[in-house]
*Asks:* 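Pasting in a structure now, in structure tokens, and then I'll have a few things to ask.
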Amino acid sequence: DCLEGDFALAVGAHLGGGLCRGLGLGGLFVQGVDGLDDHEQHKCHDEEIDDGVDERADADGHIANVDADIREVRIEEQADGGVDDIIDQRVHDGGERRADDHTNCHVQHVAAHGKGFEFLEKLFEGIESDPSVDTVMKGAKVMEEYGPDWIVAIGGGSPIDAAKAMWVKYEYPDITFEEMCKVFGMPKLRKKAHFCAVSSTSGTATEVTAFSVITDYEKGIKYPLADFEITPDVAIVDPDLAETMPKKLVAHTGMDAMTHAVEAYVSTAHCDYTDPLAIFAIRMIQGDLVDSYNGDMSKRDSMHNAQCLAGMAFSNALLGIVHSMAHKTGAAFADYGAHIIHGAANAMYLPKVIAFNAKDPEAKKRYGVIADEMKLGGANDDEKVGLLIEYLRGMNDALNIPHCIQHYGPDSYPTEQGFVPENVFLERLPEIAKNAIADACTGSNPRQPSQEEMEKLLKCCYYDTEVDF
């Protein structure tokens, strides 16, 4: 219902109902690599494409046939009101309106119905998990050559985050990545294109946030881009898209969402408008995540809504040092064969950061409120904080997430000896701590750590030792 007219699009994973109702668009579809966030593959919903062609009927009985390997599709209205799909691999140079679409899953079908529109699209492929600066620059170049009016990003956090960064570079070709990283310093967007995001995973909530995370692999650092300019114009939150997530992805994205909600609630930027979103998201995640992980599809649907509420909370209240530490440790040991997956990093670090932040009286009080809302018990705030930490660690156990870096395996599962050697961790610790303090999320944390405190806190996250400072 975002625009006039009547338009429905289904692409990537199954999209129940339609993408958005709008006037005639054309579009550039940009497809992710064969993997999802957290290095998991996410199959297209319902069925694989057979022999390169998927044939489906929409709610009105219209058929859409799309070759799995096509790079351009043109759809025109028939005189009788149906849809005539013209598979066309030519590059159309003239007058059609266009859009970009980033997806984590192979294109299954394009279905359209309505009046008076023409749709042209183009694919851009190769968006990896933890998208790189290079990928952003390549995608922006394609956008610059193609000139889309709408960028439609479909998938998990990686393709949507990459699309956001490409959007900035597309609108301002001369901007550098360093300039894009200036916190709340983006230039005005929407001079060339608007942005629609369709989430297929239940955690990042990037479809409703002012954030994007891009990795500089040369430095081994993940950089958060933060500005309300990159908040999508349209967000489609369809729970059907989350039903095919593999279990590990459910676990990691779910704990990412829990961390969003908890950090938003204790952030120094929280307010009366963000608190209800954060608290309700926490209650939903408490009730739904583990069951979703174990295959309850009704809870899986509910989690897709919960993560979006958490996203709306933190996009306005901001985050804290759990995310700062996750950003700066995620790719720091990539030369040893793996990343510390973002959601798993948040899950491991959150209990430690709660213990650290609870030394601040106001933060302790707010953690106590969270414990009360979760009905954990406790006679005073100290007990409530302890019970909250214990509960979150229990969730990690139920979701097969390690408690510390030392026991984090290359496949993200708990192991006796993780992939990050102790000597390497200690050698890189001062620089990681320095970068974490400088991260965009640190400023709204309720307790500001010194360099020494951040190093000690990261050691607690490596060894799973008590935070007593």
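Sequence positions, counted from 1, serve as the residue numbers for this chain.
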*Asks:* Given the rule in the side chain to side chain contact (heavy atoms under 4.5 Å, CB included) test, do N400 and Y293 qualify, once you have shown the distances and angles that lead to the verdict?
*Replies:* CA-CA 10 Å; N400 205 19; Y293 175 78; 3.7 Å; yes
*Asks:* With R447 as the cation and F356 as the aromatic partner, state whether NZ or CZ is under 6.0 Å from the six-membered ring centre and within 45° of the axis.
*Replies:* yes
*Asks:* Going by salt bridge (Lys or Arg N to Asp or Glu O under 4.0 Å), name the pairs with one or both residues in residues 177-187, residues two or more places apart or in two chains.
*Replies:* none
*Asks:* For residues 264-290, which residue pairs qualify under ring pair (Phe, Tyr, Trp, His ring centres under 6.0 Å), counting only residues two or more places apart or in two chains?
*Replies:* none
*Asks:* Is the NZ or CZ atom of K248 both under 6.0 Å from the centre of the six-membered ring of Y413 and within 45° of that ring's axis?
*Replies:* yes
*Asks:* Tell me which pairs pass salt bridge (Lys or Arg N to Asp or Glu O under 4.0 Å) where either residue lies in residues 386-400, with sequence neighbours left out.
*Replies:* R393-D464
*Asks:* Quickly, which of V142, I127, I214, I151 forms a side chain to side chain contact (heavy atoms under 4.5 Å, CB included) with M166? Name it, please.
*Replies:* I127
*Asks:* Rounded to the nearest 0.5 Å, what separates atom CD1 in I437 from atom CD1 in I321?
*Replies:* 9.0 Å
*Asks:* So, H260 versus D256: side-chain donor-acceptor pair below 3.5 Å or not?
*Replies:* yes
*Asks:* Over all heavy atoms of both residues, which pair between A436 and T442 is shortest? Give the atoms and the distance, please.
*Replies:* O-OG1, 2.7 Å
*Asks:* Between K188 and E171, does at least one N-O distance fall below 4.0 Å, as a salt bridge requires?
*Replies:* no
*Asks:* How would you list, by chain and number, every residue that makes a side-chain hydrogen bond (donor to acceptor under 3.5 Å, both in side chains) with T206, sequence neighbours excluded?
*Replies:* D161, K164
*Asks:* Ignoring hydrogens, what is the shortest heavy-atom contact between N357 and N445? Give both atom names and the distance.
*Replies:* OD1-ND2, 2.9 Å
*Asks:* For the residue pair M395 and L289, establish whether any side-chain heavy-atom pair is separated by less than 4.5 Å.
*Replies:* yes
*Asks:* What heavy-atom pair brings Y336 and R428 nearest, and what distance separates the two atoms?
*Replies:* CE1-NH2, 3.6 Å
*Asks:* Looking at every non-hydrogen atom in both residues, tell me the closest pair between A264 and A317 and how far apart they are.
*Replies:* O-CB, 3.6 Å
*Asks:* Any salt bridge (Lys or Arg N to Asp or Glu O under 4.0 Å) pairs touching residues 305-320, not counting sequence neighbours?
*Replies:* none
*Asks:* With sequence neighbours left out, which residue pairs that include part of residues 284-294 fulfil the salt bridge (Lys or Arg N to Asp or Glu O under 4.0 Å) condition?
*Replies:* D288-K299, D291-K299
*Asks:* If we count only N and O atoms by modelled type, under 3.5 Å, do the side chains of Q307 and T253 hold a donor and an acceptor together?
*Replies:* no
*Asks:* Identify the residue among D130, D439, T329, D216 that makes a side-chain hydrogen bond (donor to acceptor under 3.5 Å, both in side chains) with K222.
*Replies:* D130
*Asks:* Roughly how far, to the nearest 0.5 Å, is CD1 of I401 from OH of Y408?
*Replies:* 9.0 Å
